[in-house]
Peer 1: 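I have a structure here, written as structure tokens, and I will follow up with some questions on it.
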Amino acid sequence: MDVGVVLQCDPPAMGVVELAKKAEAAGFSHVWTFDSHVLWQEPFVIYSKILADTERVVVGPMVTNPGTRDWTVTASLFATLNEMYGNRTVCGIGRGDSAVRVLGSRPTTLAELRECVQVIRELGNGRSVRLRDRDLHFEWAPDSRLEVWVAAYGPKALALTGEVGDGYILQLADPDIAAWMIKAVRAAAEKAGRDPAAIKFCVAAPAYVGDDLAHQREQTRWFGGMVGNHVADIVQRYGADGAVPTVLTDYIKGRQGYDYAEHGRAGNPHTDFVPDEVVDRFCILGPVERHLERLAELRELGVDQFALYLQHDAKESTLAAYGEHVIPAVG
């Protein structure tokens, strides 16, 4: 199992680069970042410096979306980084959340996401694509290689992932929910005539190594609020009738709005509705042994990568603990 890390693009940008360098030194395989250009700094600029200052890690957004950049621009960014640094990028993508909502817009449709995935992947792999009645091709990027991993929760988005995604990103680390989601993606892939085993599965969630569980919960409760934004969309679309596991829909009943100014931050006051049980299920907290136990469960389900969100007050000690104890055991 690969282990990646997810960083926010908070200034100073060089601080993000330094954390990425420490992650590579600790044995992490991927460095992901949020992609929300109003709330934080522009990730693709930071990726270039990370790649220049490292040798091995793969970089990419967790996740970008079809709405904030022209799709050909996004593809060009990846292809350019690949030409410069040797195919060390991956595209995580979803319908959009904070990046579009802070602009007063809404997540894109699944049809738009499907087409966007196709455009970015074809151009990012040096192939031609048809867009707006024109044939487009990056003649300058014949050797670029790019995988597109789709983030999803709802039934239709999971089906889309199985039909078109090179990988699937699930942003929570509950094994029961992960089993349900992975099964849905694999079933959709098989129905579409694809090899389900060819799809890579990434589980992403906050991880905090330490002994003060109460403090760790408060530092990571924001994550349940972030997931709740997506779940609220699902409930609005499908109702709370079992279209997704009830542990996802039940806990948001106390949700009363959300302030994106506090998005992805420890201490977010708009996540008080998230109970301790959900924090414990969605995140990986506690001593190293608990992390190893949870990752072993996820690996048994076929998870290829665990990407830990590092938005709390023990960034460097958690990186070090994973490098010393966790990655050697699960990698």
Peer 1: Can you find a side-chain donor-acceptor pair between E112 and T109 that sits under 3.5 Å?
Peer 2: yes

Peer 1: If we ignore hydrogens and angles and just use 3.5 Å, is the side chain of Y153 paired with the main-chain N or O of Q171 as donor and acceptor?
Peer 2: yes

Peer 1: Please work out which of the three classes, parallel, tilted or perpendicular, describes the rings of H312 and Y208, given edges at 30° and 60°.
Peer 2: tilted

Peer 1: Are any of the side-chain nitrogens in K200 or D166 under 4.0 Å away from the carboxylate oxygens of its partner?
Peer 2: no

Peer 1: Any ion pair linking R69 and D35 (charged N to carboxylate O, less than 4.0 Å)?
Peer 2: yes

Peer 1: Considering non-hydrogen atoms only, spot the tightest contact between S144 and N87 and give its length.
Peer 2: CA-OD1, 3.4 Å

Peer 1: Any salt bridge linking K21 with E24? Criterion: basic side-chain nitrogen under 4.0 Å from a carboxylate oxygen.
Peer 2: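 No.
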
Peer 1: Check the angle between the aromatic planes of Y47 and F44 and answer parallel, tilted or perpendicular using the 30° and 60° thresholds.
Peer 2: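 Because their plane-to-plane angle is over 60°, the rings of Y47 and F44 count as perpendicular.
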
Peer 1: Taking D2 for the side chain and S29 for the main chain, is one N or O donor matched with an acceptor at less than 3.5 Å?
Peer 2: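 The answer is no, because no donor-acceptor pair under 3.5 Å joins these two groups.
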
Peer 1: Check whether the side chains of W149 and Q305 place a donor and an acceptor atom closer than 3.5 Å, and report yes or no.
Peer 2: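 Not at all, the side chains of W149 and Q305 share no donor-acceptor pair under 3.5 Å.
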
Peer 1: Is there a donor-acceptor pair closer than 3.5 Å between any side-chain N or O of R101 and the backbone N or O of R106?
Peer 2: no

Peer 1: Show the numbers, then the answer: is there a salt bridge (charged side-chain N to carboxylate O under 4.0 Å, His left out) between D304 and R299?
Peer 2: CA-CA 7 Å; D304 300 287; R299 184 167 55 183; over 6 Å; no

Peer 1: Considering only NZ, NE, NH1 and NH2 on the basic side and carboxylate oxygens on the acidic side, decide whether R217 and D276 come within less than 4.0 Å.
Peer 2: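 The answer is yes: the pair qualifies as a salt bridge.
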
Peer 1: Quick one: pull up CG in L301 and CE in M181 and give me the separation to the nearest 0.5 Å.
Peer 2: 13.0 Å

Peer 1: For residues V164 and Q118, determine if any side-chain heavy atom of one lies less than 4.5 Å from a side-chain heavy atom of the other.
Peer 2: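 Contact flag for V164/Q118 side chains = no.
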
Peer 1: Quick one: do T220 and Y309 satisfy side chain to side chain donor-acceptor pair (under 3.5 Å)? Show the steps, please.
Peer 2: CA-CA 9 Å; T220 56; Y309 282 91; over 6 Å; no

Peer 1: In terms of side-chain heavy atoms, does T54 have a donor or acceptor partner in R88 at a distance below 3.5 Å?
Peer 2: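 Checked: T54/R88 side chains pair up, N/O donor to acceptor below 3.5 Å.
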
Peer 1: Counting N and O atoms only, with roles assigned by atom type, does the side chain of H291 sit under 3.5 Å from a partner on the main chain of G286, one being a donor and the other an acceptor?
Peer 2: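 The answer is yes, because a donor-acceptor pair under 3.5 Å joins these two groups.
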
Peer 1: Strictly distance-based, threshold 3.5 Å: is any side-chain N or O of H137 a donor or acceptor partner for the main-chain N or O of G126?
Peer 2: yes

Peer 1: Walk me through it: do E163 and K191 pass the test salt bridge (charged side-chain N to carboxylate O under 4.0 Å, His left out)?
Peer 2: CA-CA 8 Å; E163 291 161 4; K191 185 176 180 179; over 6 Å; no

Peer 1: Answer yes or no: is there an ion pair linking D280 with R221, defined by an N-O contact shorter than 4.0 Å?
Peer 2: no

Peer 1: Roughly how far, to the nearest 0.5 Å, is CH2 of W71 from CG of L113?
Peer 2: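 So the CG of L113 and the CH2 of W71 are separated by 9.0 Å.
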
